[in-house]
Peer 1: 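Dumping the structure here so I can ask a few things about it.
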Amino acid sequence: MSTTQEEGTVFERTQDSPEFQDLRRRFRGFVFPMTAAFFAWYVLYVVMSGWARGFMGVKVLGHINVAMVFGFLQFVSTFLIAWLYSRHAGGKLDALADKIRGDVEREAR
């Protein structure tokens, strides 16, 4: 059996590399907490809409009530999270991912 087969494929070796593990840690460090926060915010909106109708129906400005403001803020938070992720990826993920991809491509040739 050759050493290449004993060590696994280039993709298996890459997956076990410290650089790839660091990339995964950085990615998960942003995505998991942000997903949990957004999900909690969404559930709050749904729960308030179902069980706090009086509060959600309070008029804020003209015919705009709290529920409409919460609904609008769902869109705002979605775009904010996308913008924050693009900054996070640009600053902490992309360079490392490019390096890993280059290493894999060189080794695969």
Side-chain angles (χ1 to χ4, degrees):
M1 188 179 277
S2 73
T3 57
T4 304
Q5 290 174 335
E6 290 173 9
E7 295 175 6
T9 67
V10 63
F11 302 108
E12 291 168 335
R13 288 190 303 275
T14 299
Q15 185 174 347
D16 293 336
S17 72
E19 293 89 6
F20 187 79
Q21 295 303 317
D22 185 38
L23 179 64
R24 286 177 50 153
R25 181 189 54 75
R26 292 177 189 192
F27 174 77
R28 289 177 176 176
F30 180 87
V31 171
F32 287 172
M34 194 60 66
T35 300
F38 182 79
F39 184 71
W41 162 234
Y42 176 74
V43 168
L44 173 69
Y45 175 61
V46 171
V47 168
M48 297 287 285
S49 294
W51 286 280
R53 291 184 179 184
F55 172 73
M56 296 297 272
V58 170
K59 302 270 187 211
V60 177
L61 181 67
H63 293 293
I64 299 173
N65 61 19
V66 172
M68 291 177 75
V69 172
F70 270 41
F72 175 73
L73 290 175
Q74 290 288 315
F75 287 100
V76 171
S77 62
T78 299
F79 289 110
L80 177 64
I81 290 168
W83 177 73
L84 289 171
Y85 178 75
S86 70
R87 287 185 46 137
H88 174 74
K92 299 196 177 185
L93 303 178
D94 291 346
L96 184 54
D98 289 343
K99 179 193 176 307
I100 292 169
R101 182 178 50 248
D103 293 347
V104 168
E105 288 172 351
R106 274 190 297 284
E107 191 173 340
R109 285 186 212 145

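All heavy atoms count here, side chains included; hydrogens, waters and symmetry mates do not.
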Peer 1: Rounded to the nearest 0.5 Å, how far does OG1 of T14 lie from CD of Q21?
Peer 2: 11.0 Å
Peer 1: Would you say the side-chain atoms of H88 pair up with the backbone N or O of L93, donor to acceptor, closer than 3.5 Å?
Peer 2: no
Peer 1: Check the angle between the aromatic planes of W41 and F70 and answer parallel, tilted or perpendicular using the 30° and 60° thresholds.
Peer 2: tilted
Peer 1: If you round to the nearest 0.5 Å, how far is CZ of F30 from CG of L84?
Peer 2: 5.0 Å
Peer 1: Of all heavy-atom pairs between S77 and F38, which one has the smallest distance, and what is that distance?
Peer 2: OG-CE1, 3.4 Å
Peer 1: State the CD-CZ distance between E107 and F11, to the nearest 0.5 angstrom.
Peer 2: 9.5 Å
Peer 1: Could you measure the distance from the CG atom of N65 to the CZ atom of R53? Nearest 0.5 Å is fine.
Peer 2: 12.5 Å
Peer 1: What distance separates L23 CG from K92 NZ, expressed to the nearest 0.5 Å?
Peer 2: 13.0 Å
Peer 1: Quick check: do M56 and W51 have side-chain heavy atoms less than 4.5 Å from each other?
Peer 2: no
Peer 1: Should we count CZ of F27 as having more than 12 external heavy atoms under 6.0 Å?
Peer 2: no
Peer 1: If you compare all heavy atoms of L96 against all heavy atoms of E19, which two are closest, and at what distance to 0.1 Å?
Peer 2: CD2-O, 3.6 Å
Peer 1: For residues Y85 and V31, report the shortest heavy-atom separation together with the two atoms involved.
Peer 2: CE1-CG2, 4.2 Å
Peer 1: What is the minimum heavy-atom distance between R24 and Q15, and which atoms define it?
Peer 2: NH1-NE2, 4.1 Å
Peer 1: Just verifying a value: how many Å separate S17 OG and D103 CG, rounded to the nearest 0.5 Å?
Peer 2: 8.0 Å
Peer 1: Are M34 and F32 linked, directly or through intermediate hydrophobic residues, by side-chain heavy-atom contacts shorter than 4.5 Å (ILVMFWY only)?
Peer 2: yes
Peer 1: Look only at the side chain of E12 and the backbone of T9, and say whether a donor-acceptor pair between them is shorter than 3.5 Å.
Peer 2: yes
Peer 1: Kindly indicate whether the side chain of V104, heavy atoms from C-beta on, has any atom under 4.5 Å from the side chain of R101.
Peer 2: no
